[in-house]
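Down below is the structure, laid out as structure tokens.
Position 1 is the first residue of the sequence, and the numbers go up from there.
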Amino acid sequence: MALMTGEEYIESIRGMKMQVYMFGKKVESPVDDPILRPSLNSVRMTYDLAQMPEYKDLMTTTSPYTGETVNRFTHVHQSTSDLVKKVKMQRLLGQKTAACFQRCVGMDAFNAVFATSYDIDKKYGTSYHENFKKFLIECQKKDLTIDGAMTDPKGDRSLSPSQQPDPDLFLRVVERRPDGIVVRGAKAHQTGMLNSHEVIVMPTIAMRPEDKDYAVSFAVPLDSPGLFMIIGRQSCDTRKCEGSEMDVGNSEFGGVEALTIFDDVFVPNDRIFLNGETEFAGVLVERFAGYHRQSYGGCKVGVGDVLIGAAAVAAEYNGVAKASHIKDKLIEMTHLNETLYSCGIACSAEGSPTEAGNYIIDLLLANVCKQNVTRFPYEIVRLGEDIAGGLMVTAPSEADLRDEKLGPYVEKYLKGVGSVSTENRLRILRLIENLSLGTAAVGYRTESMHGAGSPQAQRIMIARQSNLEHKKSLAKAIAHIKE
Ligand code: SF4
Ligand code: FE
């Protein structure tokens with residue numbers, strides 16, 4: 001059976017013995033923790049939607065390796081149509097969760113490692129591509145969720161991995177054995193780690209020959225000995241423990257990030273996809289980043305759809321839906337959001353096959369896509385807050401609304417249009433709060449800035465891909481310049 005149900009997925013994660021820490025304590029059952037559970041529910045949606053006939057075309061496909069129907073999140077893209085469907089699937093999931101649903105990182109790592117392991121084998125006669133294909137088929141057959149881990153802590157940014165005073169600030173091989181390697185280091189900001197069965201680790205920057213031990217890529221299960229996670233704090237995270245679903249704004253879905261420590265983790269030989277071939281580290285980073293920058297043209301657009309919808313509802317509840325400036329602000333939000341989507345679709349439609357046979361996006365357009373994502377969601381949020389009004393941050397709690405003495409006053413004085421209950425008005429404002437300032441803002445705003453690489457990383461790629469010489473020759477031809 002190649003497709004798991006949402007419930008089977010939850011139970012499969014429950015069955016893993018992951019080492020998860022939060023607020024200085026070990027979390028005994030992460031699956032049941034009120035702060036962590038919404039992030040698991042987001043990933044669950046990638047399984048639930050795959051079971052629904054109306055989403056079958058977007059959520060599933062046929063594996064060229066097993067011939068079975070598989071979840072698209074475990075797929076290696078076979079065409080530009082696959083690349084386009086990927087973006088549409090991500091927009092759908094953003095709409096259904098209003099959060100980061102995490103599973104894309106593994107899909108993007110699959111496609112980057114698939115192409116790069118092939119290139120390394122071609123040059124060095126290694127067997128990384130075979131290793132990877134075996135791993136991929138296992139993931140497809142079991143319908144696993146895979147995290148992709150790239151970001152090292154990096155220490156002093158002016159120093160290369162091997163120059164750092166502390167050699168562990170980039171993940172590295174500390175021991176080579178006949179049956180595998182032992183790795184040490186950490187990966188930061190890992191959203192999906194907690195809810196994944198396995199992780200594909202990749203280097204975070206291009207490497208030089210002296211950084212050989214740092215040029216390593218592999219996959220291990222998340223309950224491997226020596227691997228543990230420390231969950232990051234988010235604004236409003238403990239609000240989820242207060243028992244008010246309403247005050248959370250989006251109580252069912254979310255995402256949390258983990259600092260993941262690899263404290264001497266063993267990796268068997270057949271799980272290694274890069275090991276010392278330093279010149280391929282940069283290629284792997286570029287490809288993974290390209291795929292994940294494409295991804296943002298889908299997921300963030302879906303979350304944007306929810307935010308635009310919430311702003312429109314808030315305007316109605318406030319009785320201002322017909323005001324021309326409100327209509328214009330909603331148009332502006334839509335314009336920005338659809339521009340992001342256009343970039344996601346464009347870099348997919350302009351994709352091309354790799355030597356290994358899978359399809360890769362147009363790297364220039366994917367980087368332009370993500371560069372826009374570092375800006376437009378901020379403007380969309382600004383307009384959303386403008387429309388919502390200050391009450392989105394000054395409203396009393398649900399406890400006040402339910403209180404025998406205070407409730408009638410909250411009802412009376414916070415009412416908008418007569419036909420809408422005060423409770424519904426507060427609910428939509430809490431959702432806007434959640435998306436712009438609360439726990440979901442991590443996934444919608446700050447992740448839009450830094451996820452899949454901070455803005456400067458895209459500008460470097462845009463410079464590299466822009467072919468300025470060609471543009472100069474165009475100008476000289478038109479101006480009849482002969483040098
Ligand atoms: Fe997927 Fe977007 Fe989350 Fe990345 S940020 S894992 S693309 S939902
Ligand atoms: Fe991300």
Side-chain angles (χ1 to χ4, degrees), residues 1-18 20 27 29-63 66 68-75 85-86 88-110 136 138-148 190-199 221-223 229 231 240 245 248-258 295 298-299 302-303 305-306 434 439-440 443:
M1 169 61 182
L3 290 179
M4 268 201 271
T5 64
E7 203 46 48
E8 285 166 345
Y9 159 69
I10 301 276
E11 291 314 305
S12 69
I13 294 292
R14 188 192 296 283
M16 295 184 71
K17 297 278 165 272
M18 291 187 210
V20 179
V27 183
S29 180
V31 168
D32 302 306
D33 185 274
I35 292 180
L36 304 178
R37 180 58 186 245
S39 75
L40 185 68
N41 292 342
S42 300
V43 183
R44 179 196 170 134
M45 193 54 92
T46 70
Y47 290 87
D48 284 341
L49 295 183
Q51 300 281 333
M52 298 164 77
E54 62 267 47
Y55 301 125
K56 191 172 172 284
D57 184 50
L58 282 190
M59 296 300 306
T60 66
T61 186
T62 305
S63 164
T66 67
E68 280 189 300
T69 300
V70 294
N71 193 299
R72 189 174 294 280
F73 280 99
T74 65
H75 188 47
K85 281 184 184 171
K86 171 195 162 185
K88 292 187 174 183
M89 168 180 77
Q90 289 167 314
R91 183 171 189 170
L92 172 71
L93 273 146
Q95 293 171 341
K96 298 286 188 190
T97 59
C100 169
F101 38 90
Q102 305 147 50
R103 207 175 169 188
C104 331
V105 198
M107 168 176 50
D108 293 339
F110 277 154
L136 174 73
E138 185 191 335
C139 296
Q140 290 188 335
K141 282 189 171 159
K142 296 184 182 162
D143 199 10
L144 300 181
T145 289
I146 312 300
D147 189 35
Q190 295 300 309
T191 315
M193 196 69 96
L194 176 72
N195 305 319
S196 299
H197 303 95
E198 302 254 356
V199 56
L222 266 312
D223 53 3
M229 301 164 224
I231 302 295
K240 294 178 193 151
E245 155 276 318
V248 175
N250 179 1
S251 59
E252 199 176 340
F253 303 107
V256 291
E257 280 68 33
S295 289
C299 77
V303 181
D305 287 328
V306 177
N434 175 269
T439 50

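Taking a cutoff of 4.0 Å between a charged side-chain nitrogen and a carboxylate oxygen, Glu138 and Lys141 do not qualify as a salt bridge. Remark: Asp143 engages Arg103 in a salt bridge, criterion side-chain N to carboxylate O under 4.0 Å.
More than 12 heavy-atom neighbours from other residues, nucleotides or ligands sit within 6.0 angstrom of NZ on Lys240.
At least one donor-acceptor pair under 3.5 Å links the side chain of Asn250 to the backbone N or O of Thr97. The backbone N or O of Glu8 sits nowhere less than 3.5 Å from a side-chain atom of Glu11 that would complete a donor-acceptor pair. Using modelled atom types, one side-chain atom of Gln51 and one backbone atom of Met4 make a donor-acceptor pair closer than 3.5 Å. Of the possible donor and acceptor atoms, none in the side chain of Ser251 sits under 3.5 Å from a partner among the backbone N and O of Val248.
Residues passing the salt bridge (Lys or Arg N to Asp or Glu O under 4.0 Å) test with Asp48 are Arg44, sequence neighbours excluded. Not counting sequence neighbours, the partners of Ser295 by the side-chain hydrogen bond (donor to acceptor under 3.5 Å, both in side chains) test are Lys86, Gln90, Asp108. By the side-chain hydrogen bond (donor to acceptor under 3.5 Å, both in side chains) test, Thr439 is found to be paired with Asn434, residues two or more places apart in sequence or in another chain being considered.
His75 and Ser63 are not linked by any side-chain donor-acceptor pair at a separation below 3.5 angstrom, with hydrogens and angles left out of the test. Defined by atom type and a distance below 3.5 Å, a donor-acceptor pair is missing between the side-chain atoms of Thr60 and Tyr55. Between the side chains of Gln95 and Asp305, a donor-acceptor pair is found at a separation under 3.5 Å. Side chain to side chain, Gln102 and Asn195 meet the donor-acceptor criterion of an N or O pair below 3.5 Å.
Looking at Ile13 and Met18, their side chains come closer than 4.5 Å, going by heavy atoms from C-beta outward. Contact check for Lys85 versus Thr61: no side-chain heavy atoms found under the 4.5 Å cut-off. Residues Ile146 and Ser196 are not in side-chain contact: their nearest non-hydrogen atoms beyond the backbone lie 4.5 Å or more apart. Using a 4.5 Å heavy-atom cutoff, the side chains of Phe253 and Ser39 are not in contact. Between Leu36 and Leu194, the closest side-chain pair of non-hydrogen atoms falls below 4.5 Å. Two residues are said to be in side-chain contact when any heavy atoms from C-beta on lie closer than 4.5 Å; His197 and Leu222 fail this criterion. Contact annotation: the side chain of Val43 approaches that of Tyr9 to within less than 4.5 Å [non-hydrogen atoms, C-beta and beyond].
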Verdict with reasoning, Met89 to Met107, per side-chain contact (heavy atoms from CB on, under 4.5 Å): CA-CA 12 Å; Met89 168 180 77; Met107 168 176 50; 4.0 Å; yes

Trace of the side-chain contact (heavy atoms from CB on, under 4.5 Å) decision for Leu136 with Thr74: CA-CA 8 Å; Leu136 174 73; Thr74 65; 5.7 Å; no

Trace of the side-chain contact (heavy atoms from CB on, under 4.5 Å) decision for Phe73 with Thr46: CA-CA 8 Å; Phe73 280 99; Thr46 70; 3.6 Å; yes

